[in-house]
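To start, the structure itself, in C-alpha cells.
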Amino acid sequence: MSPLDDTVALLRRQVCDLHQELVRYQLVVWTAGNVSARVPGEDLLVIKPSGVPYDELTPDNMILCDLDGTVVEGAHSPSSDTAAHAYVYRHRPDVGGVVHTHSTYASAWAARGEAVPCVLTAMADEFGAEIPVGPFALIGDDSIGHGIVHTLAGHRSPAVLMKNHGVFTIGKDAKAAVKAAVMCEDVARTVHISRQLGEPLPIAQGDVDALNHRYQHVYGQQPAAQ
C-alpha cells in the first residue's frame with residue numbers, strides 16, 4: 001500500500017468509529033447525521049454512505065470523495081450532505097473535520113432561528129461566543145456549505161445552527177468536530193432549561209475571552225518543556 005492508501009485506510013476506521021460516538025451521545029436517530037474527515041495534503045475527504053444504519057457502518061463502506069463531492073472510491077452513494085462538507089473543505093483549509101447532527105435541543109434552537117447565548121463557562125471554553133444561526137438552505141447542493149462558511153467567518157464558534165435544520169460543526173480534525181457537536185447539544189439543553197426558570201445571566205465579554213484563551217491554550221496536558 002502507498003502512504004496515501006495507508007492514510008485513507010486510517011481515516012476510514014476513524015470516521016467509522018466516530019459515527020458511533022454520535023450514537024453514544026444520542027445526537028442522531030435512524031440514519032440521520034454524518035461525520036467526514038479531510039485527507040491531509042489531498043483534495044479528498046472520507047464520509048459515510050447515505051442511508052446506511054449506524055450499526056451497519058464499517059471502515060470498508062466509508063466513501064472517499066474529492067472536494068467537489070464526486071465519489072473516488074466506494075460502492076455506495078455518499079451522504080446527502082457531501083456537497084456541504086466539500087464546500088467547507090474547499091473554502092476553509094484550516095478545517096479537517098465536519099459533523100452534522102439533528103440533536104434535539106440544538107435543533108430546537110435552530111427551528112426557532114435563535115442563537116444559543118454564551119451564558120455558561122463551558123460555552124465560553126469551547127465556543128468563545130454564542131452559537132450562531134445560519135440561513136435556511138435546501139439539502140442536496142452546496143448551499144448549506146455556503147451558509148456554514150459565511151456564518152462562521154471570523155467567528156470563534158466551531159458550531160452553527162442551520163435554520164430549521166440542525167447542527168453543523170467543524171474542527172481541526174473529525175474528532176474535534178464530534179466533540180464540538182457533543183458540547184453544542186449539552187449547552188443547548190442546559191441553556192434551554194435555564195430559560196424555563198428565568199433569564200440566564202450574561203457573561204462579560206472580557207471574561208468570555210479569558211475563559212476561551214485558558215481552555216484553548218492552557219487547559220489539559222501541555223507538551224513538556226524542551
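Owing to the predicted nature of the structure, the values given are computational and were not obtained by experimental measurement.
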Side-chain touch [X]/[Y], heavy atoms, less than 4.5 angstrom:
{"X": "L138", "Y": "S143", "answer": "no"}
{"X": "K175", "Y": "Q14", "answer": "no"}
{"X": "V178", "Y": "V35", "answer": "yes"}
{"X": "H76", "Y": "I63", "answer": "yes"}
{"X": "D81", "Y": "H85", "answer": "yes"}
{"X": "I131", "Y": "M123", "answer": "yes"}
{"X": "L64", "Y": "V71", "answer": "no"}

Within 6.0 angstrom of Q221 CD, more than 12 heavy atoms from elsewhere: no
Heavy-atom neighbours of Q26 CD exceed 12 at 6.0 Å: no
Steps toward side-chain hydrogen bond (donor to acceptor under 3.5 Å, both in side chains) verdict (T58, D60): CA-CA 5 Å; T58 68; D60 287 342; 5.2 Å; no
In terms of hydrophobic clusters joined by side-chain contacts under 4.5 Å, are [X] and [Y] together?
{"X": "L11", "Y": "I47", "value": "no"}
{"X": "V187", "Y": "V182", "value": "no"}
{"X": "L211", "Y": "L120", "value": "no"}
{"X": "V191", "Y": "I193", "value": "no"}
{"X": "V98", "Y": "V149", "value": "yes"}

Suppose we screen for side chain to side chain contact (heavy atoms under 4.5 Å, CB included). Which residues come up paired with [X], at least two apart in sequence or across chains?
{"X": "R90", "answer": "L67, D68, A86, Y87, D142"}
{"X": "P53", "answer": "T31, D55, E56"}
{"X": "E185", "answer": "L27, S103, T104, Y105, A106, R189"}
{"X": "A108", "answer": "none"}

Indicate yes or no for a side-chain donor-acceptor contact from [X] to the backbone of [Y] under 3.5 Å, with no hydrogens or angles considered.
{"X": "T190", "Y": "D186", "answer": "yes"}
{"X": "S107", "Y": "A110", "answer": "no"}
{"X": "Y54", "Y": "V29", "answer": "no"}
{"X": "H155", "Y": "T151", "answer": "no"}
{"X": "R214", "Y": "Y219", "answer": "no"}
{"X": "H91", "Y": "H146", "answer": "no"}

Could you work out, with side chain to side chain donor-acceptor pair (under 3.5 Å) as the rule, every residue matching [X], not counting sequence neighbours?
{"X": "K179", "answer": "E126, Y215"}
{"X": "T82", "answer": "none"}
{"X": "T7", "answer": "none"}
{"X": "E21", "answer": "R24"}

Considering only distance and modelled atom types, tabulate donor-acceptor pairs under 3.5 Å from the side chains of residues 111-119, sequence neighbours left out.
{"from": "R112", "atom 1": "NE", "to": "E114", "atom 2": "OE1", "distance (Å)": "3.1"}
{"from": "E114", "atom 1": "OE1", "to": "R195", "atom 2": "NH2", "distance (Å)": "3.3"}
{"from": "E114", "atom 1": "OE2", "to": "R195", "atom 2": "NH1", "distance (Å)": "2.6"}
{"from": "E114", "atom 1": "OE2", "to": "R195", "atom 2": "NH2", "distance (Å)": "3.4"}

So which atom in [X] and which in [Y] form the shortest heavy-atom distance, rounded to 0.1 Å?
{"X": "S80", "Y": "I139", "result": "O-CG2, 3.8 Å"}
{"X": "S79", "Y": "N34", "result": "OG-ND2, 3.1 Å"}
{"X": "S157", "Y": "L152", "result": "O-CD2, 3.4 Å"}
{"X": "L57", "Y": "V52", "result": "CD2-CG1, 3.8 Å"}
{"X": "P158", "Y": "F127", "result": "CD-CD2, 3.4 Å"}
{"X": "W109", "Y": "A188", "result": "NE1-O, 3.2 Å"}

Ring pair (Phe, Tyr, Trp, His ring centres under 6.0 Å) against F136, all qualifying residues, sequence neighbours excluded: none
Acceptor/donor pairs from residues 201-209 side chains to any protein atom, 3.5 angstrom cut, sequence neighbours excluded:
{"from": "Q205", "atom 1": "NE2", "to": "D209", "atom 2": "OD1", "distance (Å)": "2.8"}
{"from": "D209", "atom 1": "OD1", "to": "R156", "atom 2": "NH1", "distance (Å)": "3.4"}
{"from": "D209", "atom 1": "OD1", "to": "R156", "atom 2": "NH2", "distance (Å)": "2.5"}

D94 with R92: basic N within carboxylate O range, under 4.0 Å: yes
Verdict with reasoning, V72 to L44, per side-chain contact (heavy atoms from CB on, under 4.5 Å): CA-CA 8 Å; V72 173; L44 298 168; 3.9 Å; yes
Which pairs of donor and acceptor atoms, one on a side chain in residues 161-172, lie under 3.5 Å apart (sequence neighbours left out)?
{"from": "H165", "atom 1": "NE2", "to": "H100", "atom 2": "NE2", "distance (Å)": "3.1"}
{"from": "H165", "atom 1": "NE2", "to": "H102", "atom 2": "NE2", "distance (Å)": "3.4"}
{"from": "T169", "atom 1": "OG1", "to": "A177", "atom 2": "O", "distance (Å)": "2.7"}

